[in-house]
Participant: 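Got a structure here, written out as structure tokens. Questions coming.
In this chain, residues are counted from 1 in sequence order.
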Amino acid sequence: MTPNQIELVQDSFAKVAAISDKAAELFYGRLFEIAPQVRALFPDEMTEQRKKLMATLAVVVNGLSSLDTILPAASALAKRHVHYGAEPAHYAVVGEALLWTLERGLGASWTPDVAAAWAAAYTILSEFMIGEASSDRRVEAASK
């Protein structure tokens, strides 16, 4: 990511963070709409899950300028998600729901440049996490 893209993501997330409860509701509503099969991976009561989502996004967004500081946490998160039942294909629908949510939450501030910056950030992180999850699956399979 370019420094400008990082700045666009961070500046736009500051606006979304101001409506974090609504943004998290929009995100999960959209995710379960476009991928109803993933609903079973989540608890019935979503209040804590919504808080975790926004807290995780804040950590990632704030760490974009020094990815090496957030990659260990992203690796651990990816490995936990394997145990929850997350599969590589789920990352695409999560990304779609995230970008949809950001577009709704940012309104006129959702420009093509902001969209491209968020897409780049999500692609980098999701590809890393898919790789980490895959290596965890291989280790588990080898130990059986």
Participant: With rounding to the nearest 0.5 angstrom, report the CD1 to CD distance, I19 to E25.
Facilitator: 10.5 Å
Participant: By ring-ring contact (aromatic ring centres under 6.0 Å, His included), which residues pair with Y122, not counting sequence neighbours?
Facilitator: none
Participant: Run the side-chain contact (heavy atoms from CB on, under 4.5 Å) test against P43 and tell me which residues pass, sequence neighbours left out.
Facilitator: M46, Q49
Participant: Mind listing the closest non-hydrogen atom pair of V9 and A121 along with its distance?
Facilitator: CG2-CB, 4.4 Å
Participant: Show the nearest heavy-atom pair for residues E132 and S75, with the distance to one decimal.
Facilitator: OE1-OG, 2.5 Å
Participant: Restricting to pairs with a member in residues 48-79, which pass ring pair (Phe, Tyr, Trp, His ring centres under 6.0 Å), not counting sequence neighbours?
Facilitator: none
Participant: What are the two closest heavy atoms between L106 and S12, and how far apart are they?
Facilitator: CD2-O, 3.4 Å
Participant: Enter the distance from R104:CZ to L99:CG here, rounded to the nearest 0.5 Å.
Facilitator: 11.0 Å
Participant: Suppose we screen for side-chain contact (heavy atoms from CB on, under 4.5 Å). Which residues come up paired with A24, at least two apart in sequence or across chains?
Facilitator: R50, L53, M54
Participant: Apply side-chain contact (heavy atoms from CB on, under 4.5 Å) to D113 and list each qualifying residue two or more places apart in sequence or on a separate chain.
Facilitator: L8, T111
Participant: If only atom types and distance count, is the side chain of Q5 paired as donor or acceptor with the main-chain N or O of T2 below 3.5 Å?
Facilitator: yes
Participant: Listed by chain and number, what are the side-chain contact (heavy atoms from CB on, under 4.5 Å) partners of V59, not counting sequence neighbours?
Facilitator: I70
Participant: Run the ring-ring contact (aromatic ring centres under 6.0 Å, His included) test against F128 and tell me which residues pass, sequence neighbours left out.
Facilitator: none
Participant: Just how far is it from atom OG1 of T123 to atom CE of M1, taken to the nearest 0.5 Å?
Facilitator: 9.5 Å
Participant: Connecting only ILVMFWY residues whose side-chain heavy atoms lie within less than 4.5 Å of each other, what is the rest of W100's hydrophobic cluster?
Facilitator: L26
Participant: To check you understand the geometry: which heavy-atom pair defines the closest contact between A78 and A133, and what is its length?
Facilitator: O-CB, 4.0 Å
Participant: Counting C-beta onward and ignoring hydrogens, is there a side-chain heavy-atom pair between L57 and L98 closer than 4.5 Å?
Facilitator: yes
Participant: How would you list, by chain and number, every residue that makes a salt bridge (Lys or Arg N to Asp or Glu O under 4.0 Å) with E33, sequence neighbours excluded?
Facilitator: R30
Participant: Would you please name every residue forming a salt bridge (Lys or Arg N to Asp or Glu O under 4.0 Å) with E45, sequence neighbours left out?
Facilitator: none
Participant: Determine which pairs satisfy ring pair (Phe, Tyr, Trp, His ring centres under 6.0 Å) with at least one residue from residues 29-62, sequence neighbours left out, and list them in order.
Facilitator: Y28-F32, Y28-F42, F32-F42
Participant: Could you check L41 against H90 for side-chain contact (heavy atoms from CB on, under 4.5 Å), going step by step and ending with a plain yes or no?
Facilitator: CA-CA 11 Å; L41 302 177; H90 294 150; 3.8 Å; yes
Participant: Show me the donor-acceptor pairs, under 3.5 Å and distance only, between side chains in residues 60-67 and residues at least two apart or in other chains.
Facilitator:
unit_1: N62; atom_1: ND2; unit_2: A58; atom_2: O; d: 3.0
unit_1: S66; atom_1: OG; unit_2: T69; atom_2: OG1; d: 3.3

